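Fair warning: this is a prediction, and the values are worked out from it, not measured in the lab.
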Amino acid sequence: FAGMHLSEFLILSSRGDFLLLKDYTGDIPQKLHDSLFLLISGEEQCCFKNVEGTNVVSVQSNGLFFICLTISINTLPSTLISLLLNLVRVVKDYCGTISESSIRNNFVLLHEILDEVLDFGFIQNCSTVHLKCLIANEGAQATKPFDIFAEVLQQKTKSSNAASRPVSVSVSEDRDQKNEVYLDLVESLTVTCSPEGEVMRADIIGKLILKSYLKGNPEVQIALCHNMKIKSRDSIQNNTDCVVDDINFHPSVNQDSFDSDRSIHFFPSDGETTVLQYRKHDAFTPPFKCYTQLEEVGNKMTDLIIKLNPTFPSSSSTSEVLLTFKAPKGIDSVSFSMAHNYDEEEEEERQTATYLRQKQKIVWKLGRVSGGSEQILRVKFNWESPKASNILREIGSILLDFEIPMFLCSGIQIRYLRVLERSAQYEPERWVRYLSQACSYRFRL
């Protein structure tokens with residue numbers, strides 16, 4: 001980052017509101033601010049644009065946009081994207097979570113962090129450990145943190161928002177803080193299914209994420225299941241092996257014992273660290289299947305039946321499922337009916353189906369869905385005039401968004417998490433959690 005200079009740094013909400021603006025040079029025109037949200041909304045997670053000589057770089061995180069603007073001609077997009085990703089990580093470490101309320105509650109703290117990271121626009125050190133020695137303000141936790149495990153956690157498990165709190169920055173706070181470490185194994189699924197229900201593409205990107213609140217930064221040992229195999233370097237002996245295509249480790253991880261017993265050692269810094277990442281292609285069963293059927297009721301009425309079948313075990317359940325698809329043209333009105341496995345009173349609270357006329361989109365919001373329970377939605381289209389075009393071709397595809405706590409499609413498990421501290425008085429609390437989530441889950445029609 002040496003020598004790089006920024007003109008402005010901004011954080012925008014999902015509606016385009018300015019949550020934070022830091023102007024270093026005053027050379028960015030106001031008209032760019034007015035059109036900034038339109039430029040970056042709808043783009044990929046990371047994007048780079050040049051608008052009349054101004055470089056616009058943005059990164060999305062949890063619905064918020066982290067943006068930097070510069071007129072420097074010696075700008076490398078990859079360098080600025082790396083800077084923004086590091087800033088997102090630092091903000092998450094000090095604010096506890098990335099949300100609109102956490103940004104507003106920690107306004108003074110964020111300005112202090114930016115003063116250290118961007119010295120009059122010149123990029124400095126972005127390390128949480130380095131900043132901990134320089135930051136004086138304390139982080140305030142968001143009032144309503146996001147909790148994906150609230151309904152399915154058991155008594156001896158902490159919810160996900162337990163780790164969504166700031167790292168300690170003062171000596172007194174650090175002395176009173178509990179020794180805790182959270183280890184999350186998160187798998188993001190990319191799946192595409194054909195109209196016949198066959199899987200055309202299935203990929204898993206897995207991340208082992210550790211968030212440390214340990215005093216003294218002791219060494220940590222993590223062990224994965226013995227039957228985990230890496231296709232590029234291990235021999236596959238039987239069908240019970242959990243095979244991944246490749247794996248990458250954080251630079252600070254000691255891998256000396258990984259090949260022998262699938263364990264790794266490293267000294268975690270305060271805050272969040274992605275310990276390792278792995279990739280798996282094709283060889284797994286996607287957690288959801290979807291089937292559709294059209295019924296012509298009359299010249300001006302058509303029923304679309306959608307059946308959603310979870311394939312994961314009945315012992316697991318989602319925290320929430322969201323099914324969306326494009327509405328065909330020429331709709332006069334839409335009505336819905338649902339079939340389910342819940343009690344009628346519970347279902348009224350759990351499931352809703354909505355036609356968003358302005359966005360030409362239909363949204364089916366399901367609550368907690370257990371494995372093996374078939375969910376059926378009947379969409380009744382009433383047309384303004386007799387419909388002759390192919391309705392399924394107009395819809396194109398169905399998109400599914402979900403999170404399944406305590407379930408992984410790859411079958412990989414964490415054998416243990418150990419904190420290697422010899423002192424008998426050192427008693428850390430350790431929490432291990434699993435999560436499968438949709439990255440891009442699509443059913444073509």
Side-chain angles (χ1 to χ4, degrees), residues 41-47 58-63 81 85 88 98 146 148 160 184-209 224 228-232 241-249 274-292 306-313 316-326 361 363-366 369 371 375 392 395-413 433-445:
S41 60
E43 297 291 338
E44 299 293 333
Q45 182 182 7
C46 303
C47 79
S58 72
V59 167
Q60 294 186 47
S61 179
N62 207 25
I81 289 174
L85 291 173
V88 169
I98 301 293
F146 179 65
I148 60 175
S160 62
D184 294 328
L185 187 52
V186 181
E187 291 187 347
S188 300
L189 311 180
T190 300
V191 175
T192 303
C193 296
S194 69
E196 294 76 25
E198 298 180 357
V199 178
M200 303 171 61
R201 177 189 178 186
D203 294 296
I204 294 177
I205 300 296
K207 292 184 179 182
L208 188 63
I209 303 171
L224 302 178
M228 179 182 181
K229 304 292 183 181
I230 295 101
K231 186 183 294 186
S232 58
D241 291 336
C242 298
V243 183
V244 299
D245 291 350
D246 50 58
I247 189 168
N248 296 305
F249 295 90
T274 301
V275 181
L276 62 85
Q277 299 186 59
Y278 58 85
R279 182 176 60 88
K280 184 179 179 70
H281 178 67
D282 280 343
F284 68 94
T285 302
F288 285 96
K289 291 184 178 180
C290 185
Y291 304 96
T292 58
I306 301 173
K307 296 182 180 180
L308 186 65
N309 293 330
T311 61
F312 50 88
S316 299
S317 59
T318 67
S319 56
E320 189 173 84
V321 178
L322 196 67
L323 186 148
T324 61
F325 59 91
K326 179 183 176 183
K361 184 167 66 173
V363 179
W364 182 21
K365 185 177 181 181
L366 298 89
V369 176
Q375 310 296 319
L392 295 181
I395 295 173
S397 59
I398 292 175
L399 300 179
L400 197 65
D401 192 16
F402 59 85
E403 291 180 333
I404 312 175
M406 309 312 292
F407 172 79
L408 296 177
C409 293
S410 67
I412 294 174
Q413 298 288 314
R433 301 170 299 186
Y434 303 97
L435 177 68
S436 292
Q437 62 185 11
C439 177
S440 174
Y441 209 102
R442 184 184 303 268
F443 302 99
R444 292 184 178 176
L445 302 181

Rounded to the nearest 0.5 Å, what's the gap from [atom1] on [X] to [atom2] on [Y]? Could you check?
X: Asp401; Y: Gln437; atom1: CG; atom2: CD; answer: 8.5 Å
X: Lys207; Y: Gln277; atom1: NZ; atom2: CD; answer: 5.0 Å
X: Ser397; Y: Leu445; atom1: OG; atom2: CG; answer: 6.5 Å
X: Thr190; Y: Tyr441; atom1: OG1; atom2: OH; answer: 10.5 Å
X: Leu276; Y: Ile209; atom1: CG; atom2: CD1; answer: 10.0 Å
X: Glu187; Y: Leu208; atom1: CD; atom2: CG; answer: 11.0 Å

Under the 3.5 angstrom rule, does the side chain of [X] hit a backbone N or O of [Y] as a donor-acceptor pair?
X: Thr311; Y: Pro286; answer: yes
X: Thr192; Y: Arg442; answer: no
X: Thr318; Y: Val369; answer: yes
X: Lys231; Y: Asp246; answer: no

Whether Phe288 and Phe402 hold their rings parallel, tilted or perpendicular, with breakpoints at 30° and 60°: tilted

Mind listing the closest non-hydrogen atom pair of [X] and [Y] along with its distance?
X: Phe407; Y: Ser436; value: O-OG, 2.6 Å
X: Arg444; Y: Met200; value: NH1-CE, 3.3 Å
X: Gly371; Y: Pro310; value: CA-CB, 4.1 Å
X: Cys439; Y: Ser188; value: CB-CB, 4.0 Å
X: Ser410; Y: Cys242; value: O-SG, 3.7 Å

Stepwise side chain to side chain contact (heavy atoms under 4.5 Å, CB included) check, Leu435 with Asp184: CA-CA 8 Å; Leu435 177 68; Asp184 294 328; over 6 Å; no

Worked verdict on Cys409 versus Leu189 for side chain to side chain contact (heavy atoms under 4.5 Å, CB included): CA-CA 9 Å; Cys409 293; Leu189 311 180; 3.7 Å; yes

The single option from Lys280, His281, Arg279 passing side-chain hydrogen bond (donor to acceptor under 3.5 Å, both in side chains) against Asp203: His281

With Tyr278, the side-chain contact (heavy atoms from CB on, under 4.5 Å) member among Asn248, Ile230, Leu224, Ile412: Ile412

Full working for side chain to side chain contact (heavy atoms under 4.5 Å, CB included) between Ile247 and Met228: CA-CA 11 Å; Ile247 189 168; Met228 179 182 181; 3.7 Å; yes

Side chain to side chain, Ile306 and Phe325, heavy atoms closer than 4.5 Å: yes

Within 6.0 angstrom of Lys326 NZ, more than 12 heavy atoms from elsewhere: no

Pair Val321-Leu308, side chain to side chain contact (heavy atoms under 4.5 Å, CB included): steps then yes or no: CA-CA 10 Å; Val321 178; Leu308 186 65; 4.2 Å; yes

